[in-house]
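For reference, the structure is listed below as structure tokens.
Order of listing sets the numbers, starting from 1, for every ligand and every atom in it. Note that the structure is predicted; figures quoted are calculated from it, not measured.
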Amino acid sequence: MSFRIALIKGDGIGPEVVDSARAVLDKTAKVFGRTFDYEEALAGGCAIDAVGEPLPSESVRICKSCDAVLLGAVGGTKWDNLPVNIRPEKAILGLRSELGLFANLRPALLHKALAPFSPLRGDIADKGIDLMFVRELTGGIYFGERGVTRGAGGKAAFDTEMYSEAEIERIGRKAFELAMGRRKDVVSIDKANVLESSRLWRETMRRIAAEYPSVKYSEMLVDNAAMQLVINPSRFDVVVTSNLFGDILSDEAAAVTGSIGLIPSASVGEGSFGLYEPIHGSAPDIAGSGKANPTAAILSAAMMLRCSMSLCEEADRIEEAVEKALMSGARTSDMVCADSEKALSTKGMTEAVLSFI
Ligand code: NAD
């Protein structure tokens, strides 16, 4: 069976880490007798340079014609002074809306070999972290009514948090479906003691929870969740929350697991189509130096195989290969913490993973 993958390499270290992920996909395809066909699409700063806009319609067409999209990163100082509507980051927002991607999945996994990188106390890190953030991606305060007015106190600005039942239901179902394939535990995070939108969020989540009696469901206020992620992260399995709270808390969860170069993500909608990308940016400070850690992009490819192509064995093989490479001491410079540890280049780290596929 063959699958079509749109590759958006993007800017900075994007092309370097996407090339690594592709090498791992090719080896996996060979081992398991699969065929992956790739089609490259432009987005971000390189698209602005080539055709004058961050997300050309041809790129959207290519993405829609494929089973999934694998993206590196977009952006860089070169394009920082452009007007907001033609900045590279517009490409990401455009892709999410054009492709109907309303849920962002962000796993946070503390690899045993990397426990020393966690800023957590040893006894907390030793219990392990294996959680999945399900963040609503296309609604809430980032998309609500906003404005600037002038009153007695001078200028005033406002942003609006608004969610419909339909938006909450679809993100809730995503979370419960995911939990069914994991440890069957969903925590919904809100601020229902203050916000009306959170009270509707809670009421709707409870209704969805009743459809999944085998999944343990609980609720947590966002301020408590911010604390629990640091003092007791092992208690979380699937965490579902709004766009704003998810943006902040998923970065906190990433930080407690160690390097930014290790964490993959997926943006998905209805059906199996999805966009997969490392959580890091284009890292212009190390672009072209061979220092980029390709692990997050490689793990994004594994997520893609599992979530968009149902190739679970192949995804497991890639994730195990990463774990084995890390256990064997393979490190890029962002992960080196002792003088005795030697840093591998992007290529070296990729080869270490390939050797365990
Ligand atoms: P960044 O994630 O690019 O870099 C932050 C720091 O982490 C840098 O020191 C960088 O060298 C390091 N780093 C990041 N990824 C790494 C990796 N794989 N291996 C080793 N080290 C790594 O964040 P930033 O500096 O705030 O942003 C740089 C550019 O990326 C900006 O233009 C920003 O808008 C863009 N950005 C894009 C995305 C995306 O494409 N989805 C996400 C975040 C930021």
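- Distances below 4.0 Å separate heavy atoms of Ala73 from the following atoms of ligand 1: 40 (O).
- Remark: minimum distance from atom 5 (C) of ligand 1 to any protein heavy atom is reached at Ile260 CD1, 4.7 Å.
- Considering each of Gly75, Ser282, Ala43, the one bringing a non-hydrogen atom nearest atom 30 (O) of ligand 1 is Ser282.
- By the definition of a contact as any protein heavy atom under 4.0 Å away, atom 25 (O) of ligand 1 is not in contact.
- Contact check for Phe176 versus Glu211: no side-chain heavy atoms found under the 4.5 Å cut-off.
- Taking atom 19 (N) of ligand 1 as the reference point, the nearest protein heavy-atom neighbour is Asn293 N, 2.9 Å.
- When the options Leu71, Leu55, Leu95 are evaluated for a side chain to side chain contact (heavy atoms under 4.5 Å, CB included) with Cys63, the one that passes is Leu95.
- Atom CG of Asn193 is surrounded by more than 12 heavy atoms from other residues, nucleotides or ligands within 6.0 Å.
- Residues Arg96 and Thr138 bring no donor and acceptor atom of their side chains to less than 3.5 Å of each other.
- Side chains of Thr350 and Ser20: a donor on one and an acceptor on the other come within 3.5 Å.
- For atom 33 (C) of ligand 1, the protein comes within 4.0 Å by at least one heavy atom.
- When Thr77, Val74, Ile286 are ranked by how near their heavy atoms come to atom 39 (C) of ligand 1, first place goes to Val74.
- Protein heavy atom nearest atom 16 (C) of ligand 1, with residue, atom name and distance: Ile13 CD1, 3.9 Å.
- Nearest protein neighbour of atom 3 (O) of ligand 1, counting heavy atoms only, is Ala283 N, 2.8 Å.
- Using a distance-only test at 3.5 Å, with no hydrogens or angles considered, no donor-acceptor pair links the side chain of Ser265 to the main chain of Arg106.
- A donor-acceptor contact shorter than 3.5 Å is absent between the side chain of Arg135 and the backbone of Val239.
- When heavy-atom distances to ligand 1 are checked against a 4.0 Å cut-off, Pro284 comes that close only through its side chain, counted from C-beta outward.
- Contact atoms of ligand 1 toward Gly76: 32 (O) (distance under 4.0 Å to a heavy atom of the residue).
- Residues Ser198 and Asp190 have side chains that never bring a donor and an acceptor to within less than 3.5 angstrom of each other.
- What sits closest to atom 10 (C) of ligand 1 on the protein, heavy atoms only, is Asp285 OD1, 3.4 Å.
- When only non-hydrogen protein atoms are considered, atom 31 (C) of ligand 1 lies nearest to Glu89 OE2, 4.1 Å.
- Residue contact check for ligand 1: Ala292 places a non-hydrogen atom closer than 4.0 Å to it.
- The residue Thr332 has no part lying near ligand 1, judged by heavy-atom distances below 4.0 Å.
- Taking any N or O of Lys291, backbone or side chain, none lies under 3.5 Å from an N or O belonging to ligand 1.
- Ranking protein heavy atoms by distance to atom 38 (C) of ligand 1, first place goes to Gly281 CA, 3.7 Å.
- Nearest protein heavy-atom neighbour of atom 41 (N) of ligand 1: Glu277 OE1, 3.2 Å.
- Using a 3.5 Å distance cut-off with no hydrogens or angles, the side chains of Tyr163 and Thr204 do not pair a donor with an acceptor.
- The two residues Pro264 and Ile279 come nearest to each other via the heavy atoms O-CG2, 3.8 Å.
- You'll find the side chain of Phe133 stays beyond 4.5 Å of the side chain of Asn104, heavy atoms only.
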